[in-house]
Amino acid sequence: MECVFGLVGNGFAIVAADTSAVHSILVHKNNEDKIMVLDSHKLIAASGEPGDRVQFTEYVQKNVSLYQFRNGIPLTTAAAANFTRGELATALRKNPYSVNILMAGYDKEAGASLYYIDYIATLHKVDKGAFGYGSYFSLSTMDRHYRSDMTVEEAIELVDKCILEIRSRLVIAPPNFVIKIVDKDGARVHAWRQSVQDVTTASV
């Protein structure tokens, strides 16, 4: 029951994801961060099979870092998105990754942007996007309330509306979410929305 969604506002992009690590009918943990910081001004939020999600996002992160190390300049968000799409397309003919990605970034020239990349290597630049069962509710909520000139406060209010709708409507809704933002000041965690705390089992 994964939920990943994001939007672009006035000079920033926000992505949010649930933090549940689930297998079959079991919840293993409630604080799994599914949004990786690619570099100082890029975020990659992913959903899909846990092994593919972790392995592929780390692979992209290291290759983005390697490009900057070799060339002395970072990839733009568009270039990083196209690289990611290319790697998914190559793997699709060999050993495909079951992973869907929202990549958010901020560039001095282009400003904030959000890219939708699915498991069959579809790439599209979007103003708002979502993956997982939560997309049924978050997309409709964003369609109703989204504006391209939103401030950070308005965007966070909209994200909270999406989270509330997911928690209210989804049969097995994830309890916790992490929200991250990227703007001219860099990529960072904005907030956690937690309704369940991880409990450490006491050793016997």
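All of these numbers come straight from a predicted model, not from anything done at the bench.
Note that the OG1 atom of T19 and the CZ atom of F177 stand 8.0 Å from one another [nearest 0.5 Å]. The CE atom of M103 sits 9.5 Å away from atom OG of S113, with the distance rounded to the nearest 0.5 Å. D18 contributes atom CG, which lies 10.0 Å from atom CG of L170 (distance to the nearest 0.5 angstrom). Taking CZ of R188 as the reference point, atom CD1 of I179 lies at 13.0 Å (rounded to 0.5 Å). Atom OH of Y133 sits about 11.5 Å away from atom OG of S47, to the nearest 0.5 Å. To the nearest 0.5 Å, the span separating CD on Q194 from CG on N31 amounts to 8.0 Å.
The hydrophobic cluster containing L102 does not contain Y59, counting ILVMFWY residues as joined when their side-chain heavy atoms lie under 4.5 angstrom apart, directly or transitively. A continuous path of Ile, Leu, Val, Met, Phe, Trp and Tyr side chains, each step under 4.5 Å between heavy atoms, connects F12 with V182, placing both in one hydrophobic cluster. In terms of hydrophobic clustering, with Ile, Leu, Val, Met, Phe, Trp and Tyr side chains grouped at heavy-atom distances under 4.5 Å, L7 and I163 are assigned to a common cluster. L38 and V189 fall into different hydrophobic clusters, defined by Ile, Leu, Val, Met, Phe, Trp and Tyr side-chain heavy atoms under 4.5 Å apart, directly or through other members. Grouping the Ile, Leu, Val, Met, Phe, Trp and Tyr side chains by contacts below 4.5 angstrom, directly or via other members, places L158 with I156.
Applying the side chain to side chain contact (heavy atoms under 4.5 Å, CB included) rule to A89 yields the partners R85, R93, A121; only residues at least two apart in sequence or on another chain are considered. Considering only residues two or more places apart in sequence or on other chains, Q61 meets the side chain to side chain donor-acceptor pair (under 3.5 Å) condition with none of them. Looking at residues two or more places apart in sequence or on another chain, you find a side chain to side chain donor-acceptor pair (under 3.5 Å) between D33 and K180. Not counting sequence neighbours, N100 has no partner by the side chain to side chain donor-acceptor pair (under 3.5 Å) test. The side chain to side chain donor-acceptor pair (under 3.5 Å) search around K42 returns D39, not counting sequence neighbours. Qualifying salt bridge (Lys or Arg N to Asp or Glu O under 4.0 Å) partners for R147, counting only residues two or more places apart in sequence or in other chains: D149, E154. When the salt bridge (Lys or Arg N to Asp or Glu O under 4.0 Å) test is applied to E87, no partner is found at least two apart in sequence or on another chain.
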- Can you check side chain to side chain contact (heavy atoms under 4.5 Å, CB included) on K34 and E2, steps first, answer last? CA-CA 10 Å; K34 298 175 183 177; E2 289 189 301; 3.0 Å; yes

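Counting only distance, with no hydrogens or angles, the side chain of H41 and the backbone of K184 share a donor-acceptor pair below 3.5 Å. N71 places no side-chain N or O within 3.5 Å of a backbone atom of I73 that could act as its donor or acceptor partner. At distances below 3.5 Å, not a single donor-acceptor pair connects side-chain atoms of D52 with backbone N or O atoms of V99.
Screening V4, V159, L114 against V15 for a side chain to side chain contact (heavy atoms under 4.5 Å, CB included) leaves a single residue, L114.
Note on residues 60-77: no pairs pass salt bridge (Lys or Arg N to Asp or Glu O under 4.0 Å), not counting sequence neighbours. Residue pairs meeting the salt bridge (Lys or Arg N to Asp or Glu O under 4.0 Å) criterion with at least one partner in residues 110-133, sequence neighbours excluded, are K128-D143. For the salt bridge (Lys or Arg N to Asp or Glu O under 4.0 Å) condition, the pairs that include at least one residue of residues 159-168, sequence neighbours left out, are D160-R193, E165-R169. Listed by first and then second residue, the ring pair (Phe, Tyr, Trp, His ring centres under 6.0 Å) pairs that reach into residues 134-175 come to none, sequence neighbours excluded. Legend: ring pair (Phe, Tyr, Trp, His ring centres under 6.0 Å) pairs involving residues 63-119, not counting sequence neighbours, sorted by first then second residue: F56-Y97, Y116-F131.
In this structure, T141 and R144 have side chains that are not in contact, with every pair of non-hydrogen atoms separated by 4.5 Å or more. Taking 4.5 Å as the limit, every side-chain heavy atom of F5 sits out of range of all side-chain heavy atoms of S135. At least one side-chain heavy atom of P175 sits under 4.5 Å from a side-chain heavy atom of S20. Counting heavy atoms from C-beta outward, I117 and L88 have side chains that approach closer than 4.5 Å. Between N10 and S148, every side-chain heavy-atom pair lies at or beyond the 4.5 Å cut-off. Proximity of M36 to E58: side-chain heavy atoms (C-beta onward) are separated by under 4.5 Å at one or more points.
For the residue pair T77 and D107, a side-chain donor N or O sits within less than 3.5 Å of a side-chain acceptor on the partner.
Listed here is the closest heavy atom pair of A112 and A13: CB-N, 4.0 Å. The minimum heavy-atom distance between V22 and V27, with the atom names listed, is CG2-CG2, 4.2 Å.
When the shell of 6.0 Å around CG of L26 is examined, it contains more than 12 heavy atoms from other residues, nucleotides or ligands.
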